[in-house]
Every structure is written in structure tokens, then in C-alpha cells.
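The next block holds one structure in the form of C-alpha cells; read it before the comments.
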Amino acid sequence: MGKDPQKPCEDGIVITDNFVAVIDGSTSKSRRRCHRDWSLRHHTNGQLAMLLIASFIRSMPANISCHQFCVGATQAVRSRYKRALLEHLAEHPEDRLTASCVVFSRLRREVWMVGDCQCLVGDQYFDNPKPSEDELARQRAAIIRSSPEPWDHFREHDTAREQIIPHMLQTMQQQNKTYSVIDGFPVAEQHVRIITLSFQPTQLVLASDGYPFLCSTLAESEERLQWQRCHDPLNIGDFKATKAFAVGGNSFDDRSYVRFQV
């Protein structure tokens, strides 16, 4: 579900006989479009990254490894770049088609976490956050709390987020260095989290980071999200984020949730 019903959703869910995946396309921090398909010009960078990775997952052989997935998904994205802009993209990660994803492999009984995503394995919670995300969220919260503007102003026009955008762009220089994503450049696989499951029956939940509180049912996860929307729509309290629940939106970020038994 997209955070804004008037805009395209950059999240996606893929379910095949051998894989279940949640893919979270990254919100563009730049207006530049570097892909070579004019017919896809109406897609955001994040949505296109999600669609390319989803298509690759649907074609994957059942026995593919996490390493092979990272290489193949990377190539699926890279193949869409204009060749003349590859040098530019190497220096400007903010212009890349970028997504995080969490993938379950039925044959290998593994969960692969590439970038900022989350999951539940039974009652155990796992995530793989960007190293700088918490600090940037704290900076934004401090800006809002010290501002003379009424707090409703930031839901209409989040000038606090605008102030941290330059810092967000700066931290993106570490993309696929200090944290992993799928963006058409080699994945920093040392930052990919692999969770190996036992052979006991297990309930799994895979989700994007649009859920601030991941619970064992969709209903409870949605209830916690709406509590956050009612009590702290700016996301500057106990839960801090780099963006707010904008007026007219149903959440602060796109969200995907899938639960299944293996």
C-alpha cells in the first residue's frame, strides 16, 4: 500500500513456488532519470527498481544462492542504465535505481536481507537498517522541537526533512560500502544479512520498513501504525523517522507485509 493514494507505490511483493519477497524501492532524492527506456518515464526510480527486481525473482532457479541473487538482481538493474551515464552513477548514488529487499528461499530455507527491511522468524525480530538512519531521524526531530513553527506546519511542508536532505545525500555516498542495497552496482555482501531456518515448522513475516512496529499479524501491525499516526504523526517521539505522516496520506512510507508458514 502506498503512503499517498495519489502517487505510485514503490513497494512490491513477489510470491512464487520457491520464493517469497518484499521489495522496497527507495524514494528518489533526485529528479534525474538515468534509465534508457523512454516508455518507463512515468515510473519513479524506486518503483522501477522494484519492478526490475521483482521480474528477476520470478525468473530465478530454485537453487539460486544469496550471492547469485545479489549478482543477478544487480545486473537486472544495471542493464537499464544509459551506458553514457555509468561513470556519473558511480559518483552519484542518489541518481541510481535503488531498492532494499528481503527474500525467503524455500529450497535453502534462508532469508536474505539486502538493505533496510525487516522480518519475523517465529517470535524473533530481525532488521538490517542503514547505519545513519537513526541519527538523521534524531536530527530532524531536534529541528522540529526547536522550531517556532506550529507542528502542523511540518505535516504540510516538512522543512525539517528538507534540512536533512543534504546529509542524506552525503550518507548515500556510502551506498554499497557501509550498507547494502540493489542499485546496479556490486552489492556490499558483507552487509547482507542471511538467516538460516531450522527444519521445524516456522511462521515468517516479511515486511518493508513502512511498519514502525512489526507484529505477528497484519491487523496488529496496522493498528500500531494507526496509533502512531494519531499520537505522533511527525514521528519525533519514541519512534523517530526521517519523514512524517503527510496530510492526505495514510502513512509516512509505503508498506508491504506478507505472512506465511514453512
Side-chain angles (χ1 to χ4, degrees), residues 1-11 22 24-31 44-46 93-94 98-100 102 113 115-120 125-175 178-179 181 205 207-215 218-257:
M1 181 174 288
K3 60 183 177 290
D4 185 338
Q6 304 303 316
K7 295 181 180 178
C9 181
E10 296 178 320
D11 274 11
V22 164
D24 180 358
S26 296
T27 302
S28 297
K29 310 301 187 296
S30 163
R31 292 184 178 274
T44 65
N45 281 353
E94 70 274 12
T98 301
S100 299
V102 52
M113 306 183 79
D116 197 357
C117 45
Q118 53 183 339
C119 73
L120 289 172
Y125 176 77
F126 298 89
D127 64 357
N128 195 29
K130 297 176 186 175
S132 58
E133 196 77 3
D134 286 345
E135 175 57 30
L136 290 169
R138 285 194 294 269
Q139 289 179 23
R140 176 179 165 274
I143 292 168
I144 293 173
R145 291 188 177 279
S146 64
S147 172
E149 295 280 1
W151 283 9
D152 283 349
H153 158 82
F154 294 98
R155 293 194 67 195
E156 294 278 1
H157 185 190
D158 196 344
T159 50
R161 178 174 170 83
E162 290 175 359
Q163 289 185 56
I164 66 169
I165 287 288
H167 301 288
M168 296 175 78
L169 294 175
Q170 186 177 8
T171 60
M172 287 179 73
Q173 291 296 319
Q174 298 305 308
Q175 189 165 299
T178 62
Y179 64 95
V181 289
V205 173
S208 62
D209 62 354
Y211 285 101
F213 310 103
L214 188 60
C215 305
L218 175 61
E220 188 178 357
S221 299
E222 286 284 331
E223 184 179 336
R224 293 288 300 276
L225 178 69
Q226 294 312 313
W227 185 97
Q228 180 70 20
R229 182 185 184 186
C230 292
H231 292 83
D232 179 21
L234 293 178
N235 293 325
I236 59 173
D238 291 339
F239 170 74
K240 295 178 178 64
T242 58
K243 61 184 88 169
F245 289 78
V247 174
N250 59 62
S251 186
F252 67 96
D253 202 356
D254 299 343
R255 61 196 190 274
S256 293
Y257 181 108

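Values below: every heavy atom of this structure, side chains too, minus hydrogens, waters and symmetry copies. All values derive from a computational prediction rather than experimental measurement.
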Check: [X]/[Y] side-chain N/O donor and acceptor closer than 3.5 Å:
X      : Y      : value
Arg255 : Asn250 : yes
Glu135 : His167 : no
Ser26  : Glu10  : no
Gln118 : Tyr211 : no
Tyr257 : Glu222 : no

Contact summary for [X] and [Y], nearest pair of heavy atoms:
X      : Y      : result
Cys230 : Pro233 : O-CD, 4.3 Å
Lys240 : Ile236 : CE-O, 3.8 Å
Ser251 : Gly210 : OG-O, 4.2 Å
Ser221 : Cys215 : OG-N, 3.0 Å

Counting C-beta onward and ignoring hydrogens, is there a side-chain heavy-atom pair between [X] and [Y] closer than 4.5 Å?
X      : Y      : value
Tyr179 : Glu133 : no
Glu162 : His157 : yes
Gln226 : Phe245 : no
Asp134 : Pro129 : no
Thr98  : Asn45  : no
Cys9   : Met1   : no
Cys119 : Tyr125 : no
Asn235 : Lys243 : no

### Query
So Trp227 and His231, would you call those rings parallel, tilted or perpendicular, with 30° and 60° as cut-offs?
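Taking His231 first and then Trp227, their aromatic rings lie parallel (interplane angle under 30°).
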### Task
Check the surroundings of atom CD in Gln170: do more than 12 heavy atoms from other residues, nucleotides or ligands lie under 6.0 Å from it?
no
### Query
More than 12 foreign heavy atoms under 6.0 Å from CD of Gln173: is that the case here?
yes
### Query
Does the distance from a Lys or Arg side-chain N to an Asp or Glu carboxylate O, for Arg140 and Asp158, drop under 4.0 Å?
yes
Checking [X] side chain against [Y] main chain: does a donor-acceptor pair fall under 3.5 Å?
X      : Y      : value
Arg161 : Thr242 : yes
Ser146 : Ala142 : yes
Asp11  : Ser256 : yes

When rounded to the nearest 0.5 angstrom, what distance separates [atom1] in [X] from [atom2] in [Y]?
X      : Y      : atom1 : atom2 : answer
Asn128 : Lys130 : CG    : NZ    : 11.5 Å
Leu169 : Ile164 : CG    : CD1   : 10.5 Å
Thr27  : Asp254 : OG1   : CG    : 6.5 Å
Ile144 : Gln139 : CD1   : CD    : 12.5 Å
Ser147 : His153 : OG    : NE2   : 6.5 Å
Leu214 : Leu225 : CG    : CG    : 11.5 Å

### Query
Knowing that exactly one of Val102, Val22, Asp116 qualifies, which makes a side-chain contact (heavy atoms from CB on, under 4.5 Å) with Ser208?
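Option passing the side-chain contact (heavy atoms from CB on, under 4.5 Å) with Ser208: Val22.
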### Message
Set out, in order, the CA-CA distance, both residues' side-chain angles and the distance that settles side-chain contact (heavy atoms from CB on, under 4.5 Å) for Thr171 and Thr178, then state yes or no.
### Response
CA-CA 9 Å; Thr171 60; Thr178 62; over 6 Å; no
### Query
Stepwise, does the ring pair (Phe, Tyr, Trp, His ring centres under 6.0 Å) test hold for Phe239 with Phe252?
CA-CA 12 Å; Phe239 170 74; Phe252 67 96; 5.6 Å; yes
